[in-house]
Amino acid sequence: MERTARKNGLVQGVSDELAASMRQGWADTERHDLQPLPQAAHTARRRAALSARFPGELLVIPSGNPKVRSNDADYPFRPSSDYAYLTGDQSQDAALVLEPVAEGGHRALAFLRPRSDRENGEFWTDYHGELWDGRRNSLTENEQVLGLPCRDVRTLVEQLRAAAGPVRILRGHDAALEAALDGTADAVRDEELRVLLSELRLVKDEFEIGELRFACEATARGFEDVVRVLGSDRPTSERSIEGTFFLRARVEGNDVGYASICAAGPHATTMHWVRNTGQTRPGELLLLDAGVETNNLYTADVTRTMPVDGRFTPLQRKVYQAVFAAQEAGIAAVKPGAAYRDFHHAAQRTLAEHLVSWGLLGDRTVDEVYDLGLHRRWTLAGTGHMLGLDVHDCAVARTALYVDGTLEAGMVLTVEPGIYFQADDLTVPEEYRGIGVRIEDDILVTEDGSENLSAALPRTADEVEAWMARVRG
Ligand code: GLY
Ligand code: MN
Ligand code: MN
């Protein structure tokens, strides 16, 4: 016995004869016909933009390691968004390295796991060997696909230890690579790299816009699937809604881009309701906040609030129409050159006006309410955020470029006002309690205004009712 093989908890001895058998008898499957990824030209441009910001420095952007769920079971792997942005690749345990070159600029190298070695048994004795996890591209195959030179990632730690000169690493994804740079890299400078990557992603290129457009289209189909289930004879629950949408996300894309919020009745007033343990009941609203993530990892982020039985009650409709008016005001404020905060103020101001007009704020004027922020008891959150590879995209971009910045063509953001009356809120009339409404769309800033990428889904109360009637048939 020269080694053991372990999978599924079973430890078995390996005879020399079995080891010899596993070493040979495998066909050469190297492929020579692979095409570059459709986004290869874009990833090259993105790397060039990064290179220009850090001349003369070695830059390391890891994809990350799989996270253990328990024992030898991992969570599904998703690479760091910045690695995916700069390479188009989704491998685990990989890294993009930008090496400064003497004549200026950088040489980009992808460090990846090569094919499993059959000679040393890694192929089947390693937990992540190809026999168990599936075939990987060889390094030369990946050079064709990614359009950049590829190296064996197992040599990277040693190369980083030997690195001389300024170096930065994107932290939080690969502890072993960070450890290799202990004493060379510096947390403050590394944070500058992380911030810059977030800022590079603020304006989307044509490929990214195509991905977000598709994410929204698939998401609209997922919402229709949910309406069909709501209208079926079978009893529905928040879980059946979550599962219905997830099926669409897995069939048309990679996953959902964030945990789906399937919030029926008073659950709609809990902003991050992802337990989804409730039932759906006629007469109540369903707030569904869900997004398909494409196979290239771009996500939609869409919310519709719909009556479970297809018809709004007069009070539900009143609240819905206030949120709709706020969303209209918000979307109208999205255009190039506008301050990022404009759409937020436009939407929130509209919400405040409605709340005051309903007598919920005593004698206060709208100006007073708005200045003191009193409406926020019921509007809770900001009105939107950037969207892209991450649902809350570009999250570490500097304030001056993001929330205090100016909208530019190519940015994509959500506009998602809402009103949430908690079930135990004694300051509103009883009939309001437990009503939560949000409408969320994904808006592309264009040269002359904006385009609603999720416009395939209805937004007015009448349109929602008509849509539900039509989809239910
Ligand atoms: N679904 C998360 C958000 O709307 O921001
Ligand atoms: Mn959302
Ligand atoms: Mn959102």
Side-chain angles (χ1 to χ4, degrees), residues 238 261-274 278 280-281 283-290 301-308 311-333 341 343-362 364-385 413-441 443 454 457-465:
E238 293 173 350
I261 297 168
C262 307
H267 290 161
T269 66
T270 301
M271 292 296 292
H272 302 150
W273 180 257
V274 294
T280 55
R281 285 168 292 262
E284 292 185 338
L285 297 174
L286 169 72
L287 182 156
L288 175 61
D289 182 344
D301 179 10
V302 176
T303 306
R304 287 294 181 271
T305 307
M306 55 195 108
V308 168
R311 304 286 293 186
F312 289 99
T313 66
L315 181 60
Q316 289 167 350
R317 180 176 277 265
K318 175 171 112 167
V319 177
Y320 189 96
Q321 282 174 333
V323 175
F324 175 73
Q327 203 207 20
E328 284 281 273
I331 293 173
R341 287 183 196 271
F343 80 94
H344 170 70
H345 288 306
Q348 294 295 317
R349 176 97 194 172
T350 307
L351 292 176
E353 284 165 8
H354 283 82
L355 292 162
V356 168
S357 77
W358 297 340
L360 301 183
L361 288 147
R364 299 254 189 208
T365 64
V366 173
D367 283 340
E368 271 172 358
V369 164
Y370 199 68
D371 290 347
L372 296 170
L374 298 177
H375 57 295
R376 290 168 55 193
R377 181 179 175 100
W378 302 296
T379 65
L380 300 186
T383 314
H385 51 85
L413 57 143
T414 69
V415 179
E416 51 174 310
I419 292 179
Y420 313 91
F421 295 117
Q422 303 301 315
D424 58 353
D425 187 341
L426 301 180
T427 70
V428 297
E430 200 170 344
E431 63 270 23
Y432 284 59
R433 297 177 199 162
I435 293 180
V437 174
R438 174 163 68 257
I439 313 172
E440 177 173 24
D441 284 271
I443 311 295
S454 42
L457 287 171
R459 289 173 54 240
T460 69
D462 286 344
E463 283 167 3
V464 168
E465 287 182 349

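- For the residue pair A325 and H354, the shortest heavy atom distance occurs at CB-CE1, 4.0 Å.
- Annotation: side chain of V437 is not in contact with side chain of L287 (no heavy-atom distance under 4.5 Å).
- Salt bridge annotation for K318-E431: absent, with no cationic side-chain nitrogen under 4.0 angstrom from a carboxylate oxygen.
- Side-chain N or O atoms of Q348 include none that pairs as donor or acceptor with a backbone N or O of T383 at under 3.5 Å.
- Looking only at distances, no side-chain donor or acceptor of T269 sits under 3.5 Å from a matching main-chain atom of G434.
- When all heavy atoms are compared, the tightest approach of M306 to V464 is CB-CG1, 4.1 Å.
- A381 and H344 make their closest contact through O-CE1, 4.5 Å (heavy atoms, listed as atom of the first residue, atom of the second, distance).
- Contact annotation: the side chain of L286 never approaches that of R304 to less than 4.5 Å [non-hydrogen atoms, C-beta and beyond].
- Side-chain contact between S454 and I443 is absent, with no heavy atoms from C-beta onward closer than 4.5 Å.
- Applying the side chain to side chain contact (heavy atoms under 4.5 Å, CB included) rule to R377 yields the partners D425, T427; only residues at least two apart in sequence or on another chain are considered.
- Note that CD of E440 is 5.0 Å distant from NE2 of H385, once rounded to the nearest 0.5 Å.
- Judged purely by atom type and a 3.5 angstrom limit, R459 has no side-chain atom pairing as donor or acceptor with the backbone of F324.
- For the pairing with R438, the side chain to side chain contact (heavy atoms under 4.5 Å, CB included) check across D289, T379, L380, V323 returns one residue only, D289.
- Note: W273 and H267 have parallel aromatic rings, judged against thresholds of 30 and 60 degrees for the angle between ring planes.
- For the pair T460 and E465, the minimum side-chain heavy-atom distance is 4.5 Å or more.
- Partners of E284 under the side chain to side chain contact (heavy atoms under 4.5 Å, CB included) rule, at least two apart in sequence or in another chain, are P266, R281.
- Between Y370 and A352, the closest heavy-atom pair is CD1-CB, 4.2 Å.
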- Start with the C-alpha distance between R317 and D462, add both sets of side-chain angles, then the distance that settles side chain to side chain contact (heavy atoms under 4.5 Å, CB included), and finish with yes or no. CA-CA 9 Å; R317 180 176 277 265; D462 286 344; 2.8 Å; yes
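- Put simply, the side chain of L285 reaches to within 4.5 Å of the side chain of I435, judged on heavy atoms.
- Interatomic distance, H375 NE2 to T350 OG1, rounded to the nearest 0.5 Å: 10.5 Å.
- Across all non-hydrogen atoms, the minimal contact from I261 to M271 is CD1-O, 3.3 Å.
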Working note: W378 + L361, criterion side chain to side chain contact (heavy atoms under 4.5 Å, CB included); need CA distance, chi angles, decisive distance, verdict. CA-CA 11 Å; W378 302 296; L361 288 147; 3.8 Å; yes
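- Under a 3.5 Å cut-off, the side chain of E353 and the backbone N or O of A322 do not form any donor-acceptor pair.
- Considering only heavy atoms from C-beta on, V366 comes within 4.5 Å of R349 through its side chain.
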| query | Taking it one step at a time, do V302 and L457 satisfy side chain to side chain contact (heavy atoms under 4.5 Å, CB included)? | reply | CA-CA 9 Å; V302 176; L457 287 171; 3.7 Å; yes
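- Between the side chain of Q327 and the backbone N or O of P417 there is no donor-acceptor pair closer than 3.5 Å.
- Under the 4.5 Å side-chain criterion, counting only non-hydrogen atoms from C-beta, L413 is in contact with F343.
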Checking side chain to side chain contact (heavy atoms under 4.5 Å, CB included) for the pair V356/R364: CA distance, chi angles, key distance, verdict?
CA-CA 7 Å; V356 168; R364 299 254 189 208; 5.7 Å; no
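- The two residues A346 and A333 come nearest to each other via the heavy atoms CB-CB, 4.3 Å.
- Looking at Y432 and I419, their side chains never come closer than 4.5 Å, going by heavy atoms from C-beta outward.
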